[in-house]
Amino acid sequence: MSQEKRVEMIKKLLIERQGLSTRDIMEKFNVSQDTARRDIVLLTKRGEVKRTHGGILPLDFGRSVPNFQSRLSHFTKEKTNIALAAVNYFLPEHVYFVDSSTILLKTCQNITSPMTIVTHSLDNCLALAEQSRVTVKVLSGTLNHENRFFYSNNAIQELQRTRFDTAFIAASGIDATGAYLLDQGDAEIVETAVKRADRVILVAEHQKFTNRSYYRICPLDKISIFITDRKLTPQQRAMFPRETEIIVVNNAEIKE
């Protein structure tokens with residue numbers, strides 16, 4: 001494969017993943033470290049990517065997140081593996097909150113047992129409507145058309161009157177201070193659900209550690225289980241309490 005064709009494919013992959021390391025490029029395109037670095041240098045010189053220590057980011061990284069439909073159109077195998085792993089933590093006859101995210105939409109599409117699910121996601125509701133054994137409760141409010149969730153003060157009050165066995169949440173950014181979302185209304189809904197849950201399960205790809213978001217859902221000591229697609233670095237693992245269970249899903253295999 002020519003370098004020109006490869007760098008075009010790298011650019012497309014970067015849009016999908018919102019971050020690539022040198023090793024990601026080596027593994028995806030079966031090239032040496034030197035070749036991957038030359039591709040990174042070329043893209044950087046052209047002003048088409050932002051170079052970081054060990055990899056590249058999109059030029060607009062940190063300033064925006066693709067809307068729901070865009071993220072859904074770039075759904076990856078890694079996201080699918082995370083979503084299917086999350087299915088294993090739903091038990092019959094329990095009451096759950098399920099966040100609005102592409103990963104958790106895929107999770108909802110694979111739930112078949114009788115249970116109650118509360119959500120503010122239009123797409124989760126549509127997916128669960130196909131499962132007659134699942135009781136679906138949709139929070140009231142105005143639809144955010146871009147990211148397809150409902151928000152209102154009444155929705156917050158509805159959550160405050162409900163107790164959840166588990167809240168399943170996603171995040172657009174993760175750092176030592178907590179899990180974050182970019183939309184304030186979305187974050188308020190999820191934050192309230194977390195406070196009303198006996199257990200919190202976070203699903204997110206490893207790129208979320210490099211994303212910058214602004215509205216905190218919760219500190220990381222609220223996370224009972226974190227399901228992700230790559231082993232955490234020692235620094236990332238240290239952000240979570242020792243008792244938080246980290247599940248790494250790789251090629252449809254689950255590893256602790």
- Query: What do the steps show when you test E130 against C108 for side chain to side chain contact (heavy atoms under 4.5 Å, CB included), and what is the final call?
  - Reply: CA-CA 10 Å; E130 302 298 318; C108 287; over 6 Å; no
- For the student: nearest non-hydrogen atoms of K231 and V248, plus distance: N-CG1, 3.6 Å
- Do K137 and T119 touch side chain to side chain, with heavy atoms closer than 4.5 Å? no
- pair V98-F90: side-chain heavy atoms closer than 4.5 Å: yes
- Query: Where is the tightest heavy-atom contact between S140 and S152, given as atom of each residue plus distance?
  - Reply: O-OG, 3.0 Å
- Item | 4.5 Å side-chain heavy-atom contact, V136 and V138 | yes
- Task: Tell me, with the steps shown, if Y215 and E188 meet side-chain hydrogen bond (donor to acceptor under 3.5 Å, both in side chains).
- Result: CA-CA 8 Å; Y215 301 102; E188 288 177 359; over 6 Å; no
- Message: For the CZ atom on R46, are there more than 12 heavy atoms of other groups (residues, nucleotides or ligands in this structure) within a distance under 6.0 Å?
- Response: yes
- Query: Can you tell me if T244 uses its side chain to pair, donor with acceptor, with the backbone of F240 under 3.5 Å?
  - Reply: no
- Task: State, with a plain yes or no, whether a side-chain heavy atom of Q131 is found less than 4.5 Å away from one of T112.
- Result: yes
- Shared hydrophobic cluster, V41 / L57 (ILVMFWY, side-chain heavy atoms < 4.5 Å): no
- Message: If you compare all heavy atoms of V134 against all heavy atoms of S113, which two are closest, and at what distance to 0.1 Å?
- Response: CG2-O, 3.4 Å
- Taking everything shown except K11 itself, do over 12 heavy atoms lie less than 6.0 Å from its NZ? yes
- Query: Can you name the closest pair of heavy atoms from Y89 and I225 and give their distance?
  - Reply: CE2-CD1, 3.5 Å
- Query: Looking at the rings of F168 and Y96, which for Trp means the six-membered one, are their centres under 6.0 Å apart?
  - Reply: yes
- Donor + acceptor pair across side chains of T192, Q160 (<3.5 Å): no
- Output yes when K5 and E8 qualify as a salt bridge under the 4.0 Å nitrogen-oxygen rule, no when they do not. no
- Considering only heavy atoms from C-beta outward, does the side chain of F97 approach that of T166 to under 4.5 Å? no
- Query: So which heavy atom on T228 is nearest to which on A204, and how close?
  - Reply: OG1-O, 2.8 Å
- Query: Can we call the ring centroids of Y180 and Y214 under 6.0 Å apart?
  - Reply: no
- Message: For a 4.5 angstrom cut-off between non-hydrogen side-chain atoms, does D186 reach N147?
- Response: no
- Can you name the nearest heavy-atom pair linking I10 to L20, along with the distance? O-CD1, 3.8 Å
- Item | Pair D229 + K79: basic N to acidic O under 4.0 Å | no
- Just how far is it from atom OG1 of T80 to atom CD of Q109, taken to the nearest 0.5 Å? 9.5 Å
- Task: I would like to know whether T102 and K106 meet side chain to side chain contact (heavy atoms under 4.5 Å, CB included); could you show each step before the answer?
- Result: CA-CA 6 Å; T102 55; K106 177 68 73 172; over 6 Å; no
- Step by step, would you call D175 with T177 a side-chain hydrogen bond (donor to acceptor under 3.5 Å, both in side chains)? CA-CA 5 Å; D175 65 23; T177 65; 2.6 Å; yes
- Message: Any salt bridge linking E205 with K208? Criterion: basic side-chain nitrogen under 4.0 Å from a carboxylate oxygen.
- Response: yes
- Following the transitive rule for hydrophobic clusters with a side-chain heavy-atom cut-off under 4.5 Å over Ile, Leu, Val, Met, Phe, Trp and Tyr, establish whether I174 and V194 coincide in one cluster. yes
- Message: Please determine whether the number of non-hydrogen atoms from other residues, nucleotides or ligands lying under 6.0 Å from atom CG of N30 exceeds 12.
- Response: no
- Residue pair D34 / S32, side-chain donor-acceptor N/O under 3.5 Å: no
- CG/L105 to CG/D99 distance, rounded to the nearest 0.5 angstrom? 12.0 Å
- Could you tell me the separation between the CG atom of L14 and the CD1 atom of I56, rounded to the nearest 0.5 Å? 5.0 Å
- Query: Once you round to the nearest 0.5 Å, how far does CG of D221 lie from CE of M239?
  - Reply: 14.0 Å
- Query: Is D165 salt-bridged to R199, cutoff N-O under 4.0 Å?
  - Reply: no
- Query: Is a donor on one side and an acceptor on the other found under 3.5 Å between the side chain of E27 and the backbone of D24?
  - Reply: no
- Task: Treating Ile, Leu, Val, Met, Phe, Trp and Tyr as nodes and any side-chain heavy-atom pair under 4.5 angstrom as an edge, say whether M1 and L13 lie in one connected cluster.
- Result: yes
- Using atom types as modelled and distance alone, determine if a side-chain donor or acceptor of S121 lies under 3.5 Å from a backbone N or O of F149. no
- Message: Working note: T22 + Q33, criterion side chain to side chain contact (heavy atoms under 4.5 Å, CB included); need CA distance, chi angles, decisive distance, verdict.
- Response: CA-CA 7 Å; T22 304; Q33 187 176 51; 4.2 Å; yes
- Side-chain donor or acceptor of T107 paired with backbone N/O of V87 under 3.5 Å: no
- Item | Carboxylate-amine/guanidinium proximity below 4.0 Å for E245 and R237 | no
- Message: Walk me through whether V200 and F164 qualify under side chain to side chain contact (heavy atoms under 4.5 Å, CB included).
- Response: CA-CA 9 Å; V200 178; F164 300 105; over 6 Å; no
- Query: So how far is it from L181 CG to S213 OG, rounded to the nearest 0.5 Å?
  - Reply: 7.0 Å
- Does M9 share a hydrophobic cluster with M26, counting links as ILVMFWY side-chain heavy atoms below 4.5 Å and allowing steps through other members? no
- With rounding to the nearest 0.5 Å, note down the distance linking CG in L43 to CD in E48. 5.5 Å
- Query: Under a 4.0 Å N-O cut-off, is there an ion pair linking E191 with R216?
  - Reply: no
- Message: Quick one, I111 and I117 - any side-chain contact, counting heavy atoms below 4.5 Å?
- Response: yes
- Item | Check: H120 ring centroid to F150 ring centroid under 6.0 Å | no
- Query: Between Q3 and R38, is any pair of side-chain heavy atoms under 4.5 Å apart?
  - Reply: yes
